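Here the structure comes first, spelled out in structure tokens, and everything after it is commentary.
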Amino acid sequence: LGDINDKTAIERIYMWKSGLRMIRDHPLFGLGPDSIKPAYPRYADPRALKKESGHLHNNFIHIGAERGLPALAAWIWIWAAYFVATVRRLGPAREGASETRIRIVGSLAAISGFLFAGLFEYNFGDSEVVMLAYFIMALPFVGEEKGSA
């Protein structure tokens, strides 16, 4: 997206605008699961080269368009809860084994990167990628905390 004249960057922007129109038209429940592909031709920007797409190249826009704004809010809340819970585990881990701190910080970094990439790609559409993300999310919560029995 650094080069605004790049055709793929322009197409992504058109996809995002199409997704925002989908959200505007269906704010509560979205278009429904797996409905982006059949609906996209109706919403495609007239200037877009691609008139068909199965995803919108942005997790937030895709989930909002497919599931609606309440579902998007719940999805954002889940990520916020993950980050809060993970950062809370970091405090007690300072006195524990360095492997625990590495696991927690590594998970935070990897999931942050995963979500950042999701601003430009719908990475929840790749099951092997999202399963790895779920595994990495669990790493801070593996093992016993100091003082627990």
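Please read these numbers as outputs of a predicted model, since none were measured by experiment. We're numbering straight along the sequence, starting at 1.
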Could you tell me the separation between the [atom1] atom of [X] and the [atom2] atom of [Y], rounded to the nearest 0.5 Å?
X: I61; Y: Y122; atom1: CD1; atom2: OH; result: 13.0 Å
X: L56; Y: W16; atom1: CG; atom2: CH2; result: 11.0 Å
X: I13; Y: K17; atom1: CD1; atom2: NZ; result: 7.0 Å
X: L90; Y: R103; atom1: CG; atom2: CZ; result: 11.5 Å
X: R88; Y: I104; atom1: CZ; atom2: CD1; result: 13.5 Å
X: F114; Y: N59; atom1: CZ; atom2: CG; result: 6.0 Å

Identified side-chain contact (heavy atoms from CB on, under 4.5 Å) counterpart of F60 within the set L119, L115, I23: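 Single pass found, and it is L119.
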Result of checking E66, M22, R67 against L31 for side-chain contact (heavy atoms from CB on, under 4.5 Å):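 Option passing the side-chain contact (heavy atoms from CB on, under 4.5 Å) with L31: M22.
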Plane angle bin for F120 and F116 - parallel if under 30°, tilted between 30 and 60°, otherwise perpendicular: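 Rings of F116 and F120: perpendicular, as their planes differ by over 60°.
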Mutual orientation of the aromatic rings belonging to W79 and F83 [parallel < 30°, tilted 30-60°, perpendicular > 60°]: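 W79 vs F83 ring planes: tilted.
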Neighbour count above 12 (heavy atom, 6.0 Å) for K37 NZ: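 Atom NZ in K37 is not packed in, count stays at 12 or less.
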Just distance, no hydrogens or angles: give the donor-acceptor pairs under 3.5 Å from side chains in residues 128-143, sequence neighbours left out.
none

side-chain contact (heavy atoms from CB on, under 4.5 Å) against F29, all qualifying residues, sequence neighbours excluded: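 Checked F29 against side-chain contact (heavy atoms from CB on, under 4.5 Å); zero matches.
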R89-T86 side chain donor-acceptor pair, cut-off 3.5 Å: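 The criterion, which ignores hydrogens and geometry beyond distance, is not satisfied for T86 and R89.
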Pair Y82-S107, side-chain donor/acceptor within less than 3.5 Å: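 There is such a pair (donor and acceptor under 3.5 Å, judged by atom type) between the side chains of Y82 and S107.
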Remaining members of hydrophobic cluster (4.5 Å side-chain criterion), W77: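 Grouped by the 4.5 Å side-chain rule, I78 form the rest of the cluster around W77.
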Minimum-distance pair of heavy atoms, taken over all atoms of P70 and P27: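 Shortest heavy-atom separation between P70 and P27 comes out as CD-O, 3.6 Å.
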K51 side-chain N/O to D45 backbone N/O, donor-acceptor pair under 3.5 Å: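 Yes; at least one donor-acceptor contact below 3.5 Å.
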Stepwise side-chain contact (heavy atoms from CB on, under 4.5 Å) test for H55 and M15: CA-CA 8 Å; H55 61 276; M15 287 179 184; 5.9 Å; no
